[in-house]
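Data first, discussion second: the structure below is written as structure tokens.
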Amino acid sequence: MSLEIKVPSVGESITEVTLAQWLKQDGDYVEMDENIAELESDKATFELPAEKAGILRIIAQEGDTLEIGAVVCTIEDGDAPAGSGDAPAKKEEAPAAQAESKPAQAEADESPETYAAGTASPAAAKILREKGIDPSTIKGTGKDGRITKEDAEKAQSTPAKAESKPAAPAAAVTATAPVSAGDRVERREKMSSLRKTIAKRLVAVKNDTAMLTTFNEVNMQPIMDLRAKYKDTFKEKHGIGLGFMSFFTKAVTTALKEWPAVNARIEENELVYSDFADISIAVSAPKGLVVPVIRNAESMALYQIEKAIAELATKARDNKLTIDEMTGGTFTITNGGVFGSMMSTPIINAPQSAILGMHNIIQRPIAENGQVVIRPMMYIALSYDHRIIDGRESVSFLVRVKQLLEDPARLLLEV
């Protein structure tokens, strides 16, 4: 008897997903709750587990767009193949005559393999894909020869086989015709559901909002001095490093209380004001930009914000964010400075009405108390929807953020 495995419901607003990749092959034996495929929605990537143990029969193919409830595969009744559990005894019963008549085969059978041999765990498969390494070139050290995460990480330093393969074709091309200088190669990749959704939303924001950006600059010396003085004590006490993002998040939540329109949004013909601050933090993930949310950031201390950011950033890099963790934000912070950006106009994260852009810190000469001094300066930018937020509110909000950052004691005293 076979069991149909269907696309599960992953959120009220999601009606279809894309089958990103199979983690197991057709005909493989799978254990109950073992991840067999990766599904990708317009908001996140999640894994599909086997609902029973048995033989996998694939129906949907990689790249297929599937509606919620569509059948992805079936799992048929079947036992684990020889080589797992107590099955190895059967291999020892193979006739000696057969081994003698096929010396090459006997040589290969000296290290008996099971169905798991050469199969990468989901974590290992992800690492190997990112490195462009064929799992068949890796010798697994896990149970029954399975390729572990550690095997995949070590494989980075030994890509000799992958590099040596093109050598033969290159020689053949040279023998028939010289390779002309300036050969150009193009490759095409199908857009993921996440990338297509990002593209649609960015265009929609530009078309559907009255977006405007205002700029200011922040002297980062006070925060840098504070971090230098307390970073070791902070990490020893809270187990997390003290970064810039927690200061910016705290400054933003304080300013939002004073200028609530910056934290508002439009729903049909109404303005919706939130008395809480759910701060979306833009993170660059392997499959595109994602914006996980820190809930009730206005009530959190600096160390709590740092821990929340670290946890969400790790999940983003590992494609482990849930739908709930990426929806419902009221204001967004994005840091282009980590990539070297000096100044930019960030695009609003709809349906929110404003986004703060951080940039790189540059030592620049400024006038201070009538003297020219060198200070670590950062440009900051606030993009906002002018339908909701007026110039007075946007400029005043950004000035307030600047004041709080340049005098971080204000963040602790709330003055």
Side-chain angles (χ1 to χ4, degrees), residues 3-51 56-75 118-136 138 146-149 151-153 155 187-202 282-292 312-327:
L3 173 69
E4 293 183 337
I5 306 298
K6 300 179 180 180
V7 178
S9 176
V10 292
E12 293 182 1
S13 62
I14 298 176
T15 59
E16 62 182 24
V17 299
T18 300
L19 178 54
Q21 70 161 342
W22 284 105
L23 302 177
K24 305 291 289 185
Q25 297 181 356
D26 186 68
D28 281 355
Y29 177 83
V30 297
E31 299 285 355
M32 183 173 180
D33 293 329
E34 182 178 7
N35 291 322
I36 56 177
E38 281 188 356
L39 301 178
E40 186 179 81
S41 73
D42 60 359
K43 295 180 179 178
T45 298
F46 55 96
E47 294 171 329
L48 181 70
E51 297 177 18
L56 175 67
R57 297 301 178 193
I58 290 176
I59 296 177
Q61 301 301 315
E62 292 184 357
D64 287 356
T65 299
L66 307 169
E67 294 183 353
I68 301 301
V71 178
V72 182
C73 62
T74 61
I75 298 179
T119 300
S121 67
K126 176 178 179 294
I127 294 172
L128 293 176
R129 284 198 309 275
E130 293 174 350
K131 294 179 179 178
I133 298 176
D134 186 349
S136 64
I138 307 301
R146 183 180 293 274
I147 299 173
T148 66
K149 180 180 178 181
D151 295 331
E153 290 173 342
R187 63 187 178 90
R188 294 175 181 267
E189 291 183 0
K190 185 176 181 180
M191 289 181 70
S192 66
S193 297
L194 180 60
R195 176 53 61 185
K196 284 190 284 189
T197 299
I198 290 173
K200 290 178 182 177
R201 287 180 177 173
L202 293 181
V283 178
S284 180
K287 295 187 178 181
L289 187 70
V290 294
V291 279
L312 293 172
T314 299
K315 285 187 175 183
R317 284 190 289 269
D318 294 339
N319 292 318
K320 298 295 184 182
L321 287 170
T322 65
I323 302 300
D324 289 340
E325 288 173 325
M326 291 191 291
T327 55

Note to self: Between I133 and I138, does the side chain to side chain contact (heavy atoms under 4.5 Å, CB included) criterion hold? Intermediate values first, please.
What the structure shows: CA-CA 9 Å; I133 298 176; I138 307 301; 3.9 Å; yes
Next item on the list: Begin from the C-alpha positions of V7 and V72 and carry the test side chain to side chain contact (heavy atoms under 4.5 Å, CB included) through to its verdict.
Entry: CA-CA 7 Å; V7 178; V72 182; 3.5 Å; yes
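Inter-residue side-chain proximity for I5 and E51 is flagged as met; some heavy-atom pair is nearer than 4.5 Å. Residues L39 and P8 are in side-chain contact: their nearest non-hydrogen atoms beyond the backbone lie under 4.5 Å apart. Side-chain contact check for V291 versus V283: every heavy-atom pair is 4.5 Å or farther apart. Side-chain contact between V17 and T65: absent, with no pair of heavy atoms (C-beta onward) separated by less than 4.5 Å.
For D64, the side-chain contact (heavy atoms from CB on, under 4.5 Å) partners are A60, Q61, L66, not counting sequence neighbours. In this view, D26 and R57 satisfy the salt bridge (Lys or Arg N to Asp or Glu O under 4.0 Å) rule, not counting sequence neighbours. Evaluation of the salt bridge (Lys or Arg N to Asp or Glu O under 4.0 Å) rule for K200 yields no partner, not counting sequence neighbours. When the side-chain contact (heavy atoms from CB on, under 4.5 Å) test is applied to Q25, the partners found at least two apart in sequence or on another chain are D28. Residues forming a side chain to side chain donor-acceptor pair (under 3.5 Å) with R188 (at least two apart in sequence, or on another chain): none. Residues satisfying the side-chain contact (heavy atoms from CB on, under 4.5 Å) criterion with K6, sequence neighbours excluded, are E4, V71. Considering only residues two or more places apart in sequence or on other chains, E67 meets the side-chain contact (heavy atoms from CB on, under 4.5 Å) condition with none of them.
Note that the CD atom of E34 and the CD1 atom of I75 stand 9.0 Å from one another [nearest 0.5 Å]. Atom CG of L56 and atom OG1 of T74 lie 7.5 Å apart (nearest 0.5 Å). Atom-to-atom distance recorded for T327:OG1 and L321:CG is 11.0 Å, nearest 0.5 angstrom. One finds the NZ atom of K315 at 13.0 Å from the CZ atom of R317 (value rounded to the nearest 0.5 Å). We find the CD1-CH2 distance between I36 and W22 to be 5.0 Å, quoted to the nearest 0.5 Å. Between the CD atom of E47 and the CG atom of L23 there is a distance of 6.0 Å, given to the nearest 0.5 Å.
Ion pair K24/E31 not flagged as a salt bridge, since none of the NZ, NE, NH1 or NH2 atoms sits closer than 4.0 Å to an Asp/Glu carboxylate oxygen.
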